[in-house]
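What follows is one structure encoded as structure tokens, with my remarks underneath.
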Amino acid sequence: MNDPTPAGGPSPAAPASRRRLVPVLLFAVAIVVFAVDQLSKNWVVAELPEGRTVPVLGGFLQWHFVRNPGAAFSLASGATWVFTILAAVVVVVILWQIRRLRSISWAVFLGLLLGGVLGNLTDRLTREPGFPEGHVVDFILTPWMWLGFNPAIYNVADIGIVSGMILFVLISLLGLPIDGGPRARRGSPAEDADPAAEDADPAAEDADPAAEYDPDPASPVERPEEREHGAP
């Protein structure tokens, strides 16, 4: 019995394996981001004084515990409930896209985004002043990276969200599809086909129908005029 799998080719089970493993990668990345975010926030609330800067690596890295009612990097404070709704919508969209997911790069991007969004959404649902307007715990301060502007304070969830968006930009530039198929390439054989082949000589379509018949008089095939008037 011949093996239907080509020599050196992929196993027929490979696509099914990818369908199972890629969503697992997404959830693994999301769980790591979410767990590190929530554990670090719980440590900050229990150990750090609120509103005070604690040097870690001089001016390179500092802890500064604040409660943020806005979005990532303390943006748009005062609209916490709006961000709660938006975060919930993002989570639903990501879970819906899992049915199409076959790409490892897309799985990492969506995992970073899902873990970060869930981390901050958990704060808004469970922390003070209460559901659904809880304040997000921010504590990471890196003054050097803001180039003289007012430095923003952020958390691990924010890092996951921003890292995911940077990866999304790279994915878009590279043209990688979410279903793991080959990316579109310029100069493919289909695009480089000779356009003259599509513009065949129309005179060929108007050729004499009699040319379709055998010109050999000995041929038993009747010609159209013989059928109409009868053979002599």
Side-chain angles (χ1 to χ4, degrees), residues 13-48 56 61 63-75 80-128 130-142 152-172 174 176-180:
S17 299
R18 172 166 289 194
R19 283 196 297 269
R20 292 191 297 267
L21 293 178
V22 172
V24 170
L25 175 62
L26 184 156
F27 286 115
V29 173
I31 290 172
V32 170
V33 173
F34 177 79
V36 174
D37 176 72
Q38 289 298 302
L39 290 174
S40 61
K41 288 174 178 175
N42 291 338
W43 173 80
V44 167
V45 172
E47 301 294 336
L48 292 183
V56 179
L61 175 64
W63 300 148
H64 189 92
F65 173 24
V66 296
R67 298 181 186 270
N68 173 22
F73 301 107
S74 304
L75 299 177
T80 305
W81 65 272
V82 174
F83 296 112
T84 301
I85 295 175
L86 291 177
V89 171
V90 170
V91 171
V92 172
V93 171
I94 293 174
L95 295 178
W96 177 255
Q97 291 299 322
I98 291 177
R99 63 191 179 88
R100 302 173 52 210
L101 185 62
R102 303 291 184 274
S103 168
I104 293 177
S105 55
W106 274 87
V108 175
F109 153 60
L110 293 175
L112 290 170
L113 186 61
L114 180 61
V117 170
L118 285 176
N120 286 338
L121 179 61
T122 300
D123 285 9
R124 294 190 176 102
L125 297 179
T126 62
R127 299 189 186 274
E128 299 178 357
F131 178 93
E133 298 183 348
H135 293 176
V136 175
V137 173
D138 289 337
F139 64 96
I140 302 175
L141 177 59
T142 49
I153 305 172
Y154 51 99
N155 55 45
V156 175
D158 296 335
I159 295 174
I161 293 172
V162 173
S163 300
M165 296 313 299
I166 293 173
L167 180 58
F168 174 72
V169 172
L170 296 176
I171 290 172
S172 301
L174 294 174
L176 302 176
I178 191 172
D179 61 1

Hey, is the main chain of L61 close enough, under 3.5 Å, to the side chain of T142 for a donor-acceptor pair?
no
So how far is it from T122 OG1 to D37 CG, rounded to the nearest 0.5 Å?
8.0 Å
Considering non-hydrogen atoms only, spot the tightest contact between L114 and A30 and give its length.
CD2-CB, 3.9 Å
Taking it one step at a time, do I153 and H64 satisfy side chain to side chain contact (heavy atoms under 4.5 Å, CB included)?
CA-CA 7 Å; I153 305 172; H64 189 92; 3.3 Å; yes
Hey, is the main chain of D138 close enough, under 3.5 Å, to the side chain of N155 for a donor-acceptor pair?
no
Applying side chain to side chain contact (heavy atoms under 4.5 Å, CB included), run through V45 and F65 and close with a yes or a no.
CA-CA 8 Å; V45 172; F65 173 24; 4.0 Å; yes
Tell me, please, which residues at least two apart from R127 pass salt bridge (charged side-chain N to carboxylate O under 4.0 Å, His left out).
D123
How long is the span from the CD atom in E47 to the CH2 atom in W63, to the nearest 0.5 Å?
13.0 Å
Heavy-atom pair with the smallest gap, counting every atom of R102 and G180
CB-N, 3.8 Å
Apply side chain to side chain contact (heavy atoms under 4.5 Å, CB included) to residues V136 and R124 and explain how you reach the verdict.
CA-CA 6 Å; V136 175; R124 294 190 176 102; 3.9 Å; yes
CD1 (I104) with more than 12 external heavy atoms under 6.0 Å:
no
Quiz: residues 163-172 side-chain donor-acceptor pairs under 3.5 angstrom, not counting sequence neighbours:
unit_1 : atom_1 : unit_2 : atom_2 : d
S163   : OG     : I159   : O      : 2.7
S172   : OG     : F168   : O      : 2.9

Would a distance-only check, ignoring hydrogens and angles, find a side-chain to backbone donor-acceptor pair under 3.5 Å from Q38 to G119?
yes
Is it the case that atom CD in E128 sees more than 12 heavy atoms from other parts of the structure closer than 6.0 Å?
no
Closest non-hydrogen atoms of L176 and S105, given as atom of the first, atom of the second and distance, are CD1-OG, 3.6 Å
L112 and I161: CA distance, side-chain angles, deciding distance, side chain to side chain contact (heavy atoms under 4.5 Å, CB included) verdict
CA-CA 6 Å; L112 290 170; I161 293 172; over 6 Å; no
So, for F27 and I98, which heavy atoms are closest and what is the spacing to 0.1 Å?
CZ-CD1, 3.4 Å
Ignoring hydrogens and angles, tell me if any N or O in the side chain of D179 forms a donor-acceptor pair with the backbone of R100 under 3.5 Å.
no
Atom pair CG (L25) and CH2 (W106), whose distance is rounded to the nearest 0.5 Å:
14.5 Å
Nearest heavy-atom pair of V33 and V156: which atoms, and what distance?
O-CG1, 4.1 Å
Could you tell me which non-hydrogen atom of F139 sits nearest to which non-hydrogen atom of V44, and how far apart they are?
CG-CG2, 3.5 Å
Counting N and O atoms only, with roles assigned by atom type, does the side chain of D158 sit under 3.5 Å from a partner on the main chain of Y154, one being a donor and the other an acceptor?
no
